[in-house]
Amino acid sequence: MSVYSQPDFDQHEQVVFFNDAASGLKAIIAIHNTALGPALGGTRMFAYADEEHALKDVLRLSRGMSYKSALAGLKLGGGKSVIIGNPKTEKTPEKLAAFGKFLDRLGGMYIAAEDSGTSVEDLKYVSQFTKHVSGVQDKTDASGVTKSGDPSPATAYGTFLGIQAAIEHKLGRSDMKGLTVAIQGLGHVGLDLARRLHEVGATLFVADLDAEKLQGAVENWGATIISGDDILYQDVDVIAPCAMGAILTLDNADSIKAPIIAGCSNNQLATPAVGEKLHVLGKLYAPDFVINAGGIIDVYHEKIGYDSVVVQKHIEQIYDTLNTIFTRSKEQGLSTSKIADMLAREKLGLPEPDA
Ligand code: NAD
């Protein structure tokens, strides 16, 4: 298996492969860039088909974190970790303990947080073995509610603001009353985003694999259920991908009717070329690592001292950053994804990517 010549390697500073025979832990930590600070990024646990897939995923996600933190104005670098295995059947306290001890060896160059397949509780457990864990403290939000380290409400708020910026730019409207939004995925972020959109009068179309969540959306917000991937092809103002990555492809881009794509999923574009195609098709794409930065902003403030008013103001900068990207895209005739990548690499002092 090659590492340096992987297309996603792209100037990574460090990639570490951990193996603990006693617990069976196999984990990879990728540190893309630490120019702005220590690398922070989630720990994903997934039953990868093979090591190659695990490596590709961690490299891709780690670079995304460098970009995300750079454009969110954080003194953080980008990194990510993956634990190979099924989180439902193969996650054990022994593996998490071994992971914590390995993490500790990196001396704080990488800081872990929760991600899909791991929970705040898991990370709290890991923090017994290393202090280099974030997103696990209880804190009080701007409305006075105490919550766990869960960054999802902050991500939902940033995504909501991103939709606001997008409709002003593309549709020339600021009011969300009657705005039609199709949300793919009613998870931690999608549900809170739906609630916010409903509160300002938006009309919701929703898809999820979980019938209970869908029923809740119908009862609470009068949402319309759409089955399967059709959610992406609804004739609505905005589609908000909030489930998985790589859902926008060269093949399906033509079928998207909505003028705006603005959701929280990571790595929505299957390849960079999809960003170019959406631009040519006249679709306004809110780059994922910009619109979904609320969570990392929240986690960062937990690290430096949490003040809910300061955090809220910081998340609100997502609106400004997206406005800058949308405006530059229009002025320079380049896709929003290209502009966002360029801005991030500029901040990191990185040349154009190898691939
Ligand atoms: P989650 O696991 O809580 O929710 C995902 C939801 O999507 C689940 O309800 C699941 O049933 C649904 N889903 C899965 N496949 C689907 C499909 N094919 N069609 C429709 N629904 C489907 O995840 P989350 O924390 O809400 O995060 C959602 C996305 O946002 C992920 O891509 C995540 O990486 C990204 N993200 C999350 C945060 C955060 O703070 N949680 C921050 C940044 C990015």
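Since we're looking at a predicted model, the values are computed, not measured. Counting convention: from 1, in listed order, for ligands and their atoms alike.
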| Among protein heavy atoms, which sits nearest to atom 36 (N) of ligand 1, and what does the distance come to when rounded to 0.1 Å? | C264 O, 3.7 Å
| remark: Of all protein heavy atoms, the one nearest atom 43 (C) of ligand 1 is N292 O, 3.7 Å
Could you pull out all donor-acceptor pairs under 3.5 Å where a side-chain atom in residues 98-106 meets a protein atom, sequence neighbours excluded?
unit_1, atom_1, unit_2, atom_2, d
D104, OD1, T130, OG1, 2.8

| With atoms numbered from 1 as shown, which atoms in ligand 1 lie under 4.0 angstrom from a non-hydrogen atom of A207? | 20 (C), 21 (N)
| For ligand 1, is any non-hydrogen atom under 4.0 Å from L186's backbone (N, CA, C, O), its side chain (CB onward), both, or neither? | backbone
| With the threshold set at 4.0 Å, does a side-chain nitrogen-carboxylate oxygen contact exist between D10 and R345? | yes
| task | Output yes when the distance from some N or O of ligand 1 to some N or O of D208 is under 3.5 Å, and no in every other case. | result | yes
| note | Checking heavy-atom distances from atom 14 (C) of ligand 1 to each of N267, L214, I291, L209, the winner is L209
| said: I want to check something: taking the side chain as every heavy atom from C-beta on, are F9 and V15 in contact at a cut-off of under 4.5 Å? | reply: yes
| said: Has T155 got a side-chain atom pairing as donor or acceptor with G295's backbone, closer than 3.5 angstrom? | reply: yes
| note | protein heavy-atom neighbour closest to atom 27 (O) of ligand 1 works out as V189 CG2, 4.0 Å
| said: Among all the protein's non-hydrogen atoms, which is closest to atom 34 (O) of ligand 1, and how far away is it? | reply: N266 ND2, 3.0 Å
| query | Just distances here: any N/O of S152 and N/O of ligand 1 closer than 3.5 Å? | reply | yes
| Residue pair M342 / R328, side-chain heavy-atom distance below 4.5 Å | no
| said: Students should be able to answer this: which protein heavy-atom is nearest to atom 25 (O) of ligand 1, and at what distance? | reply: H188 CB, 3.7 Å
| query | Cluster partners of L278, using ILVMFWY side-chain heavy atoms under 4.5 angstrom, listed by chain and number? | reply | F205, I226, I231, L232, Y233, V236, I239, M244, I247, L248, L250, I256, I261, L269, V274, Y285
| request: Answer yes or no: does an N/O atom from K68 fall short of 3.5 Å to an N/O atom of ligand 1? | output: no
| Heavy-atom distance to atom 22 (C) of ligand 1: which of P151, G245, A243 wins? | A243
| Beyond-backbone contact of F46 with T118, side-chain heavy atoms, under 4.5 angstrom | no
| request: Please indicate whether any nitrogen or oxygen in K213 is less than 3.5 Å from any nitrogen or oxygen in ligand 1. | output: yes
| said: Could you check whether any side-chain heavy atom of Q164 comes within less than 4.5 Å of a side-chain heavy atom of M176, counting everything from C-beta outward? | reply: yes
| note | So the atoms of ligand 1 within less than 4.0 Å of a heavy atom of M244 turn out to be 15 (N), 18 (N)
| remark: At under 4.0 Å between heavy atoms, what of T155 touches ligand 1? The answer is side chain
| The one among G190, C242, A293, G187 that brings a heavy atom closest to atom 28 (C) of ligand 1 | C242
| query | Side-chain contact, heavy-atom cut-off 4.5 Å: D307 with H301? | reply | no
| Does K303 use its side chain to pair, donor to acceptor, with the backbone of G135 at less than 3.5 Å? | no
| said: Is there a salt bridge (Lys or Arg N to Asp or Glu O under 4.0 Å) between D57 and R44? Walk through the geometry before answering. | reply: CA-CA 10 Å; D57 204 32; R44 176 166 290 193; 3.6 Å; yes
| query | Is atom 30 (O) of ligand 1 close to the protein, meaning a heavy atom under 4.0 Å from it? | reply | yes
